[in-house]
Every structure is written in C-alpha cells, then in structure tokens.
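Chain naming here is simple, since letters A, B, ... match the order of the sequence lines and numbering starts at 1 in each.
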Amino acid sequence: MASLPLPLLDYQRYGRQMILDGFGLAGQVKLKQSSVVVVGAGGLGCPVLQYLAAAGVGTIGIIDDDIVELSNLQRQILHAESSLGVHKAESAAESISRINSSIHVDVIKSRLTPQNALEILSRYNIILDCTDNAPTRYLLSDVAVVLKKPLVSGAAQKYEGQLVIYSLGPDGPCYRCLFPKPPAPEAAGTCEETGILGAVTGIVGNLQALETIKLITGLHEMKPSMLLFSALGSPPFRSIKLRSRKADCAACGNQDFNLNMITETDYVQACGGPRPDWVQRGL
Amino acid sequence: MASLPLPLLDYQRYGRQMILDGFGLAGQVKLKQSSVVVVGAGGLGCPVLQYLAAAGVGTIGIIDDDIVELSNLQRQILHAESSLGVHKAESAAESISRINSSIHVDVIKSRLTPQNALEILSRYNIILDCTDNAPTRYLLSDVAVVLKKPLVSGAAQKYEGQLVIYSLGPDGPCYRCLFPKPPAPEAAGTCEETGILGAVTGIVGNLQALETIKLITGLHEMKPSMLLFSALGSPPFRSIKLRSRKADCAACGNQDFNLNMITETDYVQACGGPRPDWVQRGL
Amino acid sequence: MSLDVLSLKIEFGGGLELLFSNQRSHNVTIPSKVRRDDSTSLLPLEDGIETKPADITYLIHHLRDHLLKERSELFIENKTVRPGILVLVNDTDWELEGEGDYALRNGDEIVFISTLHGG
Amino acid sequence: MSLDVLSLKIEFGGGLELLFSNQRSHNVTIPSKVRRDDSTSLLPLEDGIETKPADITYLIHHLRDHLLKERSELFIENKTVRPGILVLVNDTDWELEGEGDYALRNGDEIVFISTLHGG
Ligand SMILES: [Zn+2]
Ligand SMILES: [Zn+2]
C-alpha cells in the first residue's frame, strides 16, 4: 500500500491553504521538507516564527543569545511574562511548539559571528534577517552571497518598516549592492536605543513570513523589490523596483568572495562600535 | 505625594513606544483607559488581540461562540494544540493574559445577534470587525452607526485582504454607503468554505491593531480610505481614497436609523442563508 | 479628446479575476466615442446613431461582451456592477468621480474589486 | 524641456525627515538649468558659466543649501548622499536611472530613504 505524502491529519490541519490556487498538496509537501533559519527572536522574529510554524515549515532554526526582558513584551509576542529571564530562542521555540508540535525546531543560543555563521546557516534553505543592528545585517548578507541562499530581510524602527529579499535568484542584489559602505554609527541611529511600535514589527514580520512561504512554494515572482512601510504615511506602503546585482559589488560581484574574506572583514568597525551585537537583542 | 499616571513598571514595559514622537506618556495613558471589542477570535482576531494586549489597551472584549478546531491552527495563532475543543474566546483570552496580565479581558461566548449586539458593543470605545461573513459585517456596521463608534474592519480571503475604518469621524462612510445591497450568496463566495493563507490574515490583523492604536492615541489622519492587499500582487498594496458618508445611505444617511430598525432588518435574508453564522467561525 | 481609441489598464480583485480568465491585470482598448445605449458592437458608428464619450457604464458592458468568460450575472446587474463590487478610478472610489458617468481618459486605471467577507 | 523651473515632490523616510523640519513630504521648485559645479546660488546664470540640466546631484546640493535644517553630514558626503541612503526616482531605485546624473523632469517624485537596522 502506497503511503500518503502527508500524514492524514495534515490534510485537515493545512486544508485551508492546500485548497488555494497554486498551493495545493505540492506546496504543503514543499513547506514540510523545507528548512528556514530565523536570526533574531525579537520584534520581527516572533511573528515570523509564529506564521512559519503554523503554516507547517518542517524545520525551523531560531538564533538568539539574548534573554527576555520586560521591555520586550510590548512587541515580542511569543514571549510571555512567565518567560522573563529565559533565553529568547528557548521561549520562542516553546511557544511555536504549542502551535505545532510536528515541526522540528533548532534552538541556537550562541552568538552569530563571522567564525560560526557560515557553518550554522548552511544547514538551512532560506535565511531570515530579523536582527536589530547593521553589523549583523552585513554579515548575514555576506553569508547569503557565499551560500547562494535567499535572505529575507526585515527592518523596523519607530513607525517605519522595510522589506527586501537579498540574493534573490541569480540576479538579485545583495545588501552591499544597495549599501556598499556601512553608515557611520551616528547616522544609523540604530546602535542606540530607538522607539518602535509593536504592530509595525508585526506587519513587517508577517510580510517576511509570507515572502518566505512564497519562495518555498514557488509562488514568488522573483523580481528584486523593496517594500517601504510607514505607519503614519499616506499611502502607508510603497513598492520600489530595485537594481540587479552590481558587477562591482565587493561581495556578490566578486567571484573570489569567500568564507575567509568574511572572517577578515572588520564587521566591528563597520558599525563603529567596539563590541557589536552579533546577536539580535530584539530591539 | 502625587501618584504616577502609570505604575512604575509600565514605564519599563512600554518605554519603547512611549519614546515615540507623538505617542509619549499621554498615548500610553490613553491606551490604558481605552476599551476595544474584537468580534471574532479567528484568523484576523488573533493577531489583533496579540498586539492590542502587548501595547497595553486597558480593556479588551473578545466575542466568539466557536470552538478551536485543528483546521484553525494554520492561522489562528493564539490557539494551541492543547486548546482544541476549547471556546476560542477563552483560549484567546488566556493567551493574551500570558503576554499581559495587567489588562482586563471580557470573554463573551455568546452569539452576536441583532438583539444583543447594541447592548454588548456599547460598552466599548472602538469595535473591530474580525468576522468571516457578510450578515455579521452588516450588523456590525449598523451598530457602529447607531453608537457613533469607529469600526475597524478587516477581511481576508485566499491571497487577499481589505481594510477600512467605517464610521470614521463625522463624515466617514459606513459599510452600507459602499455596499448598499448585500451580494447574493453565490456571488460572495463567503458563506461557503474558501481557502486562506495564514500570513494574509496576520498582515490584515496587524494593520487593524495598528489603526486601532492610531485612533486611540490620536495619531490617525482621519481620512476615509481603503487598503487593498494582494499577497501575489505587484505592488502588493493599494490605498484607495473613499467617498464621504452618503446622504441617501439607508443607515448613516437616515436620521431616524435606530436600534429597532436594526432588529427588524432581516440579516438572515441578507446573505441568503437560512442560518447565518452570527458569530465568526474564524474562517 | 482627439484620440479615436482609449487604452485602459483594467484590474480585477477579490475573486472577480476568476470571471476573467483568472487574470488580474488586463490592457483594454475601447473607442473614445461609443453608442449611447451602451451596446458594444465594433461596427462603425453610422449617421443618426446617438453617441457619448466612453464612460464607465460603457466599459462595464464592453468588459462583459468582450472579456468576460463566464457567468455575467456575477459582474453586471441593471446596467451597473452587481452589489458587492467597488469600482476604483486611478485609486479613487468611483463615487467621487461620477460613478458610471465618469468619462474615461486614455491611460486610466480602472479597478473592479469584490468585497471580501472572510476573516 | 521648455520650462524654466521644475516642480518636484520630495519625500524623506527612515529618519531622514528629522533633518528636514521633521516633515516627510516637501514640494520643491528648482531651475531646469543649473550650474555645472552644483552651486545653488539663486542669482541669474551669467554668460560663460557652465551649465547642465538639473540632475539629482544638483538636487542633493539644493536640498542641503535650501531645505536642510541641521547636520548636513548626515545627508551629503562627497557630492552624493551619505552611505546608508537610497534614492528613489518615481518608485524606482536611482541606480536604474543613472544615479546622480538622472536629468530631473517636471513632476518627478524623488524619495530619500535611510536604511533601517532595527527589528
Ligand atoms: Zn552585492
Ligand atoms: Zn452609510
């Protein structure tokens, strides 16, 4: 007797998305077989993890070395009051396992560094940037270039959000194509504490989850674009057509760009700080 | 000694939003003093409740008479596997209390009907339509007109979402201004089962939470508009400038429109079904 | 308006695209001067036929006759769109633009969107 | 281009608006022909002065000299925008439009957006 491609109960659990045009059983099987790593279990990572787990992504890695603090609860909705003091990666893993116990979750509580990033991230099909600082954003982009994996990158600050998939297909730009030089730290306003509205991280995180599901199921249009969001803007969303990969990009334009060059790059200097937050503090 | 407008720990918990331009301590106090009712604890209601609770809305009503089923878990992210068989309103209340135990939550497990809607909804400042059927949408709009309260209305189906605030300010249109006649049920494709992607409900629900927070804190521009979302569209979002209230609207254009007329209106016939789902089954 | 034809961008959403080859975006060309009775015959306008500048009411008939694939009652009713459909003219509610009487201009984008009820 | 001046819609985002009176949207009018050295004096162009059609490089200087309220080093660096700022021409990445050399047209919408790092 031939076995079903999915457990019988999965047809019931995921039926409402499996009946969608262009999704189907094939889409659900792809989700189950895919592996995704979410870097940062903070404001962006929480909604991302929630919807990836609910949709049935088979393997999810969660990287965060930070612990849950009271000031996080205003937006990091996988962490409860009872999780204060617990590692975010653990708290998030427990929350998404409550939604869906059938998915495999890797909890990674170590700091992502130029030394370990390539090895850790190589285990996954898609990388999600849910971090909160420029050095890690450059590091993730460089790793995605080397691994030739798409990087679904979200950012949120104050009332605004931004979303780009870097290294999308053979021609999509990397982060360095758009921003070759890191901004000076005083210009970034990001190594310091800034305000953030929870629902803004929620919207960007949900959009990251959606783009990831589109990539896995083959529903994505695969054209490089940037989505800008401003909670107080009118209109609130703006879609931007982006350049292709740049031939003179220090990362993706360089045939010889490799692991060693990443390790040698001074990501610390990149943000100007003496001790960068390699791992996402969940802004 | 004068008492603080907020408990001391609240400054820590909500600090990241209180430091935002135009938000401040005043915004946080307004959130704490406000009451919001979420009709439907399904695909839209779950993310809405999560972010309203996290942001510190003081009183939240949850109306849903349905129970959690396996097919809900793909998108209704406040319900866990352990909640199967539990009332959605209860399950959702428990989940948001884990995030924020300081808010007051009303659990309403009765069906919303033309007979009880006015009494129940009158207790709250803002009404959120997170339902899944046309009759309840007309009922909520009519009640919002009578009560002169804004109705933050979200809808999601397949890969698409829509967002409007009805009865916004003195001139904003109601649902009947835009759609005077209910569609025939075969045209609506909504009394039947349709597919839905979880992240789409997440995005619309998050936007509903955001609009609600903007209304409460005074950050809203107060211009009637509709936001259209298509997960596969390019661009994915479209903002529409909407008409003002219509002088000949059967509801908001009628000075005499009142409670009794609502009760008399045949909402059942409106959707063509013999037994409408007054309460949201969390599509 | 000196053009003989108008080129329009038409978009369908909220499930309406299912009636139009399951395709959301269409480019449609219509005459700039049309029969006042909204009939959409492509034959030349003869002397004595009453005409008007092409408006949205005409466009609705044109789409029904030349683009719609099935079940016209899910799109048109009593010479206008059926209840539950909102029409947008260049991202503005058509009610602000004169509804069916809005005189179309070359390059206009007209969106037909069905209201969603799910959640 | 026969106009003497160009009317542009300028928008700032990602925190850049803080440098411009904390206002996201601005309407800006600039000459259609400007000094090749990007100096933004409003005095008439005399004979012998080298000129060029107004481009984005000129606009950046114009905004610095006539709209910026503080800390120009957070907006301009080496005759272009500082690292971390993306420029959009009518919702398209300026790199696809020739970057600073893009010749501005009346009615263009130019957006300056600072990349966000938070999460
Ligand atoms: Zn590159
Ligand atoms: Zn009305």
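- By the 4.5 Å heavy-atom criterion applied to side chains, A/T217 and A/L31 are counted as neighbours.
- Contact of the B/L207 side chain with the A/F229 side chain is registered, since non-hydrogen atoms from C-beta on lie closer than 4.5 Å.
- Both the backbone and the side chain of B/K158 come within contact range of chain A, each with at least one heavy atom under 4.5 Å from a heavy atom of that chain.
- Side-chain contact between A/E211 and A/L163 is present, with at least one heavy-atom pair separated by less than 4.5 Å.
- Here A/D21 is the residue among A/I96, A/D21, A/L78, A/V204 with the most heavy-atom pairs under 4.5 Å with chain B.
- In summary, of the residues considered (B/V36, B/L128, B/V164, B/V48), a side-chain contact (heavy atoms from CB on, under 4.5 Å) with B/V152 occurs for B/L128 alone.
- If you tally non-hydrogen atom pairs under 4.5 Å between each of A/Q12, A/R13, A/K214 and chain B, the highest count goes to A/R13.
- Contacts with chain B (heavy atom to heavy atom, under 4.5 Å) involve these residues of residues 235-244 of chain A, listed by number: A/P235, A/P236, A/F237, A/S239.
- Per-residue counts of heavy-atom pairs under 4.5 Å with chain B were compared for A/L9, A/L52, A/L73; the largest is that of A/L73.
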Margin query: Quick one, A/M222 with A/L215, criterion side chain to side chain contact (heavy atoms under 4.5 Å, CB included). Give me CA distance, side-chain angles, the key distance, then yes/no.
Written below: CA-CA 8 Å; A/M222 301 299 281; A/L215 282 177; 3.8 Å; yes
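- With a threshold of 4.5 angstrom between heavy atoms, A/L227 approaches chain B through side-chain atoms but not through N, CA, C or O.
- The parts of B/Q50 that come within reach of chain A are both its backbone and its side chain, each placing non-hydrogen atoms under 4.5 angstrom from that chain.
- The contact between A/F23 and chain B is made by backbone and side chain atoms together, counting heavy-atom distances below 4.5 Å.
- A/L210 places none of its side-chain heavy atoms less than 4.5 Å from the side chain of A/Y51.
- Note on residues 78-100 of chain B: no pairs pass ring-ring contact (aromatic ring centres under 6.0 Å, His included), not counting sequence neighbours.
- When heavy atoms are compared at a cutoff of 4.5 Å, B/A231 approaches chain A by way of both its backbone and its side chain.
- In terms of heavy-atom pairs under 4.5 angstrom with chain B, the leader among A/I213, A/L20, A/I99, A/L232 is A/L20.
- Applying the side chain to side chain donor-acceptor pair (under 3.5 Å) criterion to A/N206, with sequence neighbours excluded, gives no partner residue.
- Listed by chain and number, the residues in a salt bridge (Lys or Arg N to Asp or Glu O under 4.0 Å) with A/E94 amount to none (sequence neighbours excluded).
- Proximity of B/D129 to B/Y166: side-chain heavy atoms (C-beta onward) are nowhere separated by under 4.5 Å.
- Residue contact with chain B, scored on non-hydrogen atoms closer than 4.5 Å, involves the backbone and the side chain of A/E81 alike.
- Residues A/D10 and A/K32 have side chains in contact (heavy-atom distance under 4.5 Å, counting atoms from C-beta outward).
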